[in-house]
There are 2 protein chains.
Amino acid sequence: MGTAERKEREKAELKELILKTAKDILVKNGQDGLSIRKIASIVEYSPATIYLYFKDKDEILHELMEVGFKMMGSYMKHISPDMSPIERIHKTGEAYIKFGLENKDWYDLMFNSEKPMKHIFDCGAEWNEGMNMFNFLVLNCEQAIKENNLTNLEPQILALQLWSTVHGLVNLTLSERMCIVVEGEPNELINKTLTSMLVSIFNQVK
Amino acid sequence: MGTAERKEREKAELKELILKTAKDILVKNGQDGLSIRKIASIVEYSPATIYLYFKDKDEILHELMEVGFKMMGSYMKHISPDMSPIERIHKTGEAYIKFGLENKDWYDLMFNSEKPMKHIFDCGAEWNEGMNMFNFLVLNCEQAIKENNLTNLEPQILALQLWSTVHGLVNLTLSERMCIVVEGEPNELINKTLTSMLVSIFNQVK
DNA sequence: CAAATATACTGAACACTGTTTATTAAATCC
DNA sequence: GGATTTAATAAACAGTGTTCAGTATATTTG
């Protein structure tokens, strides 16, 4: 009889409901507003029940982080292999920054918070999504170096340089350290800085 | 009679003791381990008493942030006007990164945490320490641009580019996003990236 | 069909958090 | 010495993540 299957399906459904609820709270109330007890009260189970579906809060944050990476992917759909490596790098940077600025809570989960990372280290797991993103960047750097005869550059170091700069720009903006130090439209400053970096590296943009 | 003066002195002393205790807890237990109640129990007053000396926790974190900037200053003492602007920029970057990596909790308070900033916005105050740091960087950029005839560069944008990169490097390292994505000694990777950036901008280091 | 087992769930507790308010105790002023 | 100002606090409020003993229901076994 299919009662075992039905039960398993119901368990999976509740787990999904918990995750969906966590996602909604994150969007509506931010990371500080996201608590196990709030999730529990919305799905109408006791807080203890949440722990039958997730090891702890870090695991929930880790799964939300993965959702964040999927969202980020949709910001980068338009980046095609037809573009030049430099253009690809430029578009990736723009999309990365746009995603970060428009999705602070997701960005923090993905690139700042210690909690999803703690879960990864506790489980001996990998940060596949982040690794894929970085490897894609390294690949583009390799091609850009080859196509432009920039033999003095190392792809990995160049990728680190690019990532650090956009990560820094996003964080300085989100933490309001940038706006307090320099006047001017944030988006314009960010784009100018991104362009400045690409020019300094490749002596061209696009 | 000097009883009013004595009372005032005693109030200032307790305020200083609270701050010193907060500092000790931050160093020993990190930002998560720093609570009003823990401060209160160590200075042997009730938690409510803390609120007679500070508006709220954000104010304490703001004052700790200012201590952090003083600490950072001591990492930059050796940077002298005798150096070339580019060398000054290089040494500033190195010192900034060294401070960040060696003082995670202070760095977070100064450049990541929303709480000290919330206090600044609530009080209509200014982020003087951060501003001074940034202005010093802009000044060095101006001089570097002038001395090296890099007329296509804007000092402010260049400063933003430099700051973003070192800020990104520090954060990616502290949040363990860098070590999980790329193998190799972190310090070496960071120095290579810093050098790579300076070379790409100035076509030279030092 | 009844008894035994397995599953799912929860109440209550533990040890915390920041913050406010009414109240008390002590020191100072007149 | 009595009135007043000041300093400090106990207790409460409204939360937090997490654990565990206990219960009720559903399923399986004899």
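All chains are named by letter (A, B, ...) in the order of the sequence lines, taking the proteins before the strands, and each is independently numbered beginning at 1.
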In whole angstroms, the gap separating P of D:dT16 from CG of A:Asn29 amounts to 11 Å

Here the residues of residues 54-66 of chain A within 4.0 Å heavy-atom distance, strictly under, of DNA chain D are A:Asp56, A:Lys57

From NZ of B:Lys15 across to C1' of D:dA8 the rounded distance in Å is 17 Å

note: B:Leu52, atom CG; C:dT23, atom C1'; distance rounded to Å ~ 14 Å

In whole angstroms, the gap separating P of C:dC16 from CD1 of B:Ile25 amounts to 14 Å

Checklist entry - Do NZ/NE/NH1/NH2 and the carboxylate oxygens of A:Lys28 and A:Asp24 come within less than 4.0 Å? => result no

request  = Answer with yes or no whether the side chains of A:Tyr75 and A:Glu102 bring together a donor and an acceptor at under 3.5 Å.
outcome  = yes

Phosphate-side-chain proximity, B:Tyr53 and D:dA8, N/O vs OP1/OP2 below 4.0 Å: yes

Worksheet item: Is B:Ser35 touching bases, backbone alone, or none of the nucleic acid, heavy atoms closer than 4.0 Å?
Response: sugar-phosphate

Ignoring hydrogens and angles, write down the donor-acceptor pairs under 3.5 Å from the side chains of residues 156-163 of chain A, residues two or more places apart or on other chains.
| residue | atom | partner | partner atom | Å |
| --- | --- | --- | --- | --- |
| A:Gln161 | OE1 | B:Ser196 | OG | 2.7 |
| A:Trp163 | NE1 | A:Tyr96 | OH | 3.0 |

Looking at B:Thr49, does any N or O in its side chain come under 4.0 Å of the phosphate oxygens OP1/OP2 on D:dT9? yes

Under a 4.0 Å heavy-atom cutoff, the residues of residues 106-124 of chain A touching DNA chain C are none

Regarding the side chain of A:Ala48, the nearest nucleotide among D:dC20, D:dT9, D:dT16 is D:dC20

From OH of A:Tyr51 across to P of D:dA21 the rounded distance in Å is 17 Å

Do the side chains of A:Ser113 and A:Gln31 get nearer than 4.5 Å, heavy atoms only? yes

Q: Verify, without hydrogens or angle tests, whether A:Lys91 (side chain) and A:His78 (backbone) share a donor-acceptor contact under 3.5 angstrom.
A: no

Taken to the nearest whole Å, CD1/A:Ile36 to P/C:dA15 is 20 Å

Side chain to side chain contact (heavy atoms under 4.5 Å, CB included) with B:Met65: of B:Trp106, B:Phe111, B:Trp127, only one passes, and it is B:Trp127

Taking atom types as they are modelled, would you say the side chain of A:Arg37 forms a donor-acceptor pair with the base of D:dG17 within the 3.5 Å cutoff?
yes

Taken to the nearest whole Å, CD/A:Glu44 to P/C:dG11 is 13 Å

Whole-Å distance, A:Glu10 CD to C:dA8 C1', equals 11 Å

| message | Checking A:Glu94 against A:Lys98 for the salt bridge (charged side-chain N to carboxylate O under 4.0 Å, His left out) test, could you report, in this order, the C-alpha distance in whole Å, the side-chain angles of both residues, the deciding distance, and whether it holds? | response | CA-CA 6 Å; A:Glu94 283 179 337; A:Lys98 188 166 157 51; over 6 Å; no

Next on the checklist: Using side-chain heavy atoms (C-beta onward) and a distance below 4.5 Å, is B:Leu194 in contact with B:His90?
Outcome noted: yes

Next on the checklist: So for atom CD, which belongs to B:Glu13, do other residues, nucleotides or ligands contribute more than 12 heavy atoms lying within a distance under 6.0 Å?
Outcome noted: yes

